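To start, the structure under review is shown below, and the notes come after it.
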Amino acid sequence: MSVGKAGGSALAGAVLAAASLPGVAGSLVAAFGQPALRPVSLDRLVDLGASHVSIAAGGLAVMAILGVGLGVLATRAGALAWRGEIDRVAAFAQAVPPVVVVALALPVLGFGGPPTLLALVAYGIMPVLRGTIGAIEGVPTDAREAGRAIGLSDLQVLRQVELPLAAPGILDALRTGLVLAVATAAVGALAGAATLGTPIVAGLQNQNLVPLLQGACATAALAFLCDAAMLAVAGLLRRATRP
Amino acid sequence: MTTARAAAAAILALALAASLYGLPLLSVAANRLALGTPAFGAAAGGGHVHAVAGLGLAGLALFAAAPGRVGAALALPIFGAAVLLLAAGLGAGATALLDGRPTAARASVGSGGWCAVMVLLAAAGWSVRAFRMPGFGAIAIAGLAAGLTTLARSGTLDHLSLAVEFRARHAVLGEAIVQHLVLAGGALVLACLCAVTMSLWRRGQGLVEVVVSGIQVVPAVALFGALVGAFSAVLSAVPSLREAGLSALGPGPAILGIAAYLLLPLWRGLAAGLGGTPATLVDTAEAVGLGRRQVLLSVRLPLGAPVLVGALRVAAVQSLGLATLGALVGAGGLGRIVFDGMAQFAPDLILLGALPIVGLSLAADAGLGAAEAMARRRSHS
C-alpha cells in the first residue's frame with residue numbers, strides 16, 4: 001500500500017515537474033491561445049527550487065528536533081497534566097493561517113527567508129508534536145512493561161522499545177510537517193523569500209500565465225516528490241524493522 | 001495536579017514580568033512606515049505598568065493558592081482588569097510620547113505589550129476552563145470586549161497606531177470581513193455539496209480518496225495560481241462565459257481552490273459519521289420496518305452528528321484561513337489588508353487584517369466546538 005502511495009506521489013511529482021519546464025509550460029499556455037511570454041529559464045527554476053528546498057529542509061529540521069523532542073517529553077509520566085494544554089495550543093496554532101504568520105513575522109524579522117522559516121516552524125511544529133505524542137501513546141503497554149520487566153531503565157525503554165515502535169507514526173507526522181513546510185515556503189514568496197512561489201506571485205502581478213503555471217507546477221511537483229521521499233523512507237524503515 | 005498548576009502559574013508570572021519590564025511596550029516612529037525607537041516599562045505605560053504587574057501576579061498567586069473553582073472565579077476578574085489597565089496604560093503612554101510631535105508620528109504596541117496581553121489572556125482562559133461551566137467563556141469574552149469598547153469610545157486608545165489605521169480604513173475593513181465570510185462560506189457550502197456527492201459514489205471511493213488526499217499535498221499558492229491559469233484558458237476558449245460575469249481573477253478561482261482543500265475533512269467526516277453506526281443498530285432499525293432513507297435520517301444522522309459537526313468545524317477553520325490567500329488572486333477579503341500591509345511594510349496594517357482572521361477562526365472553532373459537544377451529549381442521552 002505504502003509503496004503504491006509513494007509511487008503515485010512520485011509519478012504526480014514527475015509529471016508536474018515536466019510541465020514546469022519552460023518549453024512545456026509555454027506550449028501548454030500557447031495551446032489555449034494565450035500569449036506565451038517570458039518563461040522562467042530552467043537555471044532560474046532550479047535555483048529557486050534549491051532555495052525552496054533549503055528553507056523547507058531547515059524548517060523540517062527544527063520541527064523534527066523541537067516537535068519530536070517535546071513530544072517525547074510530553075509523554076513522560078510527569079507531564080500528564082500538560083497534555084490538555086498542548087492540545088489547546090496546537091488548536092490555536094492551527095487557527096492562525098501560515099500567510100498570517102509570515103505577515104506578522106515580517107516587521108520583526110524583515111524580508112526574505114527568516115520570517116518564512118519562523119512561519120513554517122510555528123505552523124508545522126504542532127502537527128509533528130501531536131503526531132509524536134499519538135505515536136508514542138499508541139505503543140502497547142505490554143511492550144513497555146516487558147521492557148521494564150527485563151530490567152531496562154526508563155531511558156532504555158524509550159530508546160529500545162517506545163521510539164522504534166513509534167517510528168512509523170513519527171515519520172508520518174514528519175511527512176505532514178514536510179508537506180506543510182513546502183507549502184508555507186511557497187507562501188514565503190509574498191515576504192520576498194526566493195522560492196518556487198516567486199514566479200507564481202510575479203505571474204499573478206504581471207498577468208503572465210507562463211511563469212504562473214511554471215511556478216504552480218514546480219511547487220506542486222516538489223511537494224509530491226517530498227511526500228514520495230518520506231513515504232519511501234517510511235516503507236524502508238518498516239521493512240527494516242520487520243523481522 | 002496542584003504542583004503542575006503552581007509551576008504553570010510561576011511560568012506565566014515570569015513571562016508577564018519579562019514582557020512588561022524586559023521587552024519594549026511601545027515603539028515610537030516618525031511615521032507609519034519608519035522604524036521606531038522602543039519605549040520600555042514605566043517610560044511607556046507610566047504607573048499603569050506596575051499596577052498591571054501587581055494585578056497579574058496577584059491573580060496568578062490566588063489561582064495557584066486557592067485550588068478548584070474558587071481560585072478561578074476570583075482570579076478571572078483580576079486578569080480581565082489587568083488587560084484593560086494595560087490597554088489604558090499603553091493608550092495613555094502613546095498619547096504622552098506623541099505629545100508635541102508631528103501628526104505623522106506613530107506609537108505602536110511593541111513586542112512586550114503584545115506578549116503581556118497574550119500572557120494575561122492565557123491566564124484568563126486558563127481560569128475560565130478551571131471554572132468548568134459551559135458558556136462561562138462566552139460571558140468572560142463579552143465582558144472583556146465591552147470593557148475594551150468602552151476604553152476605545154473614551155478615546156484613551158486613539159493614539160495607538162492600530163487605532164489610527166482602523167480609523168483610516170474602517171469602511172474597507174467592514175467590507176473585507178464580509179468578503180472574507182462570503183469566500184469562506186461559499187467554499188464551505190460548495191465543498192459540502194461535493195463531499196456529499198462523492199460519498200454517494202460507492203464504487204469510486206478508492207479513486208476519491210486518492211484525489212482528495214492528493215489535493216492536500218498541493219501547496220495552496222500553487223493551486224490558486226494554477227486555477228487562475230485554468231480559468232483564463234477556459235474563458236478564452238469559451239468567451240461567452242466572460243460575458244456571463246466570470247473572470248480569471250476574483251472570487252471564482254478562490255472559492256474553488258478553498259473548497260478543494262475542504263473535501264478531505266468533510267468526506268472523511270461523512271464516511272466516519274454515517275458509516276460508523278453499529279451494524280446491530282442498523283439491523284434493528286431495518287427489522288422494525290424502517291426504510292433506508294428512514295435509517296439514514298433517524299438512526300445514522302443523529303448518531304453520527306457529533307462526528308459530522310466535528311468535520312464541519314475543521315473545514316470551517318481551514319476555510320477561514322485559506323480565504324486569506326484569496327486576495328492573491330484578486331478575490332478581496334481580509335487577506336487584501338494583510339497583503340497591503342506587507343507591501344507597504346506597515347506592521348499595524350498587517351495586524352488590522354490579521355487580528356480579525358484569527359478572531360473569526362477562533363470564533364468558528366469555539367462555536368462549532370460547542371455545537372459538537374451539544375451533539376455529543378444528545379447522542380449519548
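Every chain is numbered from 1, with letters handed out A, B, ... down the list of sequences. Quantities reported herein were computed from a predicted structural model and do not represent experimental measurements.
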Which atom of B:G229 lies closest to which atom of A:L212, heavy atoms considered:
N-CD2, 4.1 Å
Taking C-beta and beyond as the side chain, do A:T219 and B:V221 meet within less than 4.5 Å on heavy atoms?
no
Do B:I357 and A:P97 have side-chain heavy atoms sitting under 4.5 Å apart?
yes
Is the number of heavy atoms from other residues, nucleotides or ligands within 6.0 Å of CZ (B:R129) greater than 12?
yes
What part of A:A191 gets within 4.5 angstrom of chain B, counting heavy atoms only: side chain, backbone, both, or neither?
both
What's the shortest heavy-atom distance between B:V217 and A:A223, and which atoms?
O-CB, 3.2 Å
Between B:Q216 and A:V179, does a side chain to side chain contact (heavy atoms under 4.5 Å, CB included) hold up when you go through it step by step?
CA-CA 9 Å; B:Q216 299 291 319; A:V179 170; over 6 Å; no
Can you tell which of A:P98, A:S9, A:G215, A:A183 has the highest number of heavy-atom pairs within less than 4.5 Å of chain B?
A:A183
Find the distance between CG (A:D227) and OG (B:S213) and round it off to the nearest 0.5 Å.
9.0 Å
Taking it one step at a time, do A:L204 and B:F224 satisfy side chain to side chain contact (heavy atoms under 4.5 Å, CB included)?
CA-CA 10 Å; A:L204 282 168; B:F224 281 42; over 6 Å; no
Considering all heavy atoms, the nearest A:A186-B:P219 contact
CB-CB, 4.5 Å
Count the heavy atoms of every other residue, nucleotide or ligand shown that sit under 6.0 Å from CZ of A:R175, and state whether that count exceeds 12.
yes
Kindly give the heavy-atom pair with the smallest separation between A:L104 and B:A354, and that separation in Å.
CD2-CB, 4.1 Å
Distance, nearest 0.5 Å, that separates CD1 of A:I200 from CG of B:L328
8.0 Å
Can you give me the closest heavy-atom contact between B:M342 and A:A103, atom names plus distance?
SD-CB, 3.8 Å
Heavy-atom distance under 4.5 Å between the side chains of B:V218 and A:F224, does that happen here?
yes
Against chain B, work out which of A:L190, A:L196, A:L222 has the most heavy-atom pairs shorter than 4.5 Å and name it.
A:L190
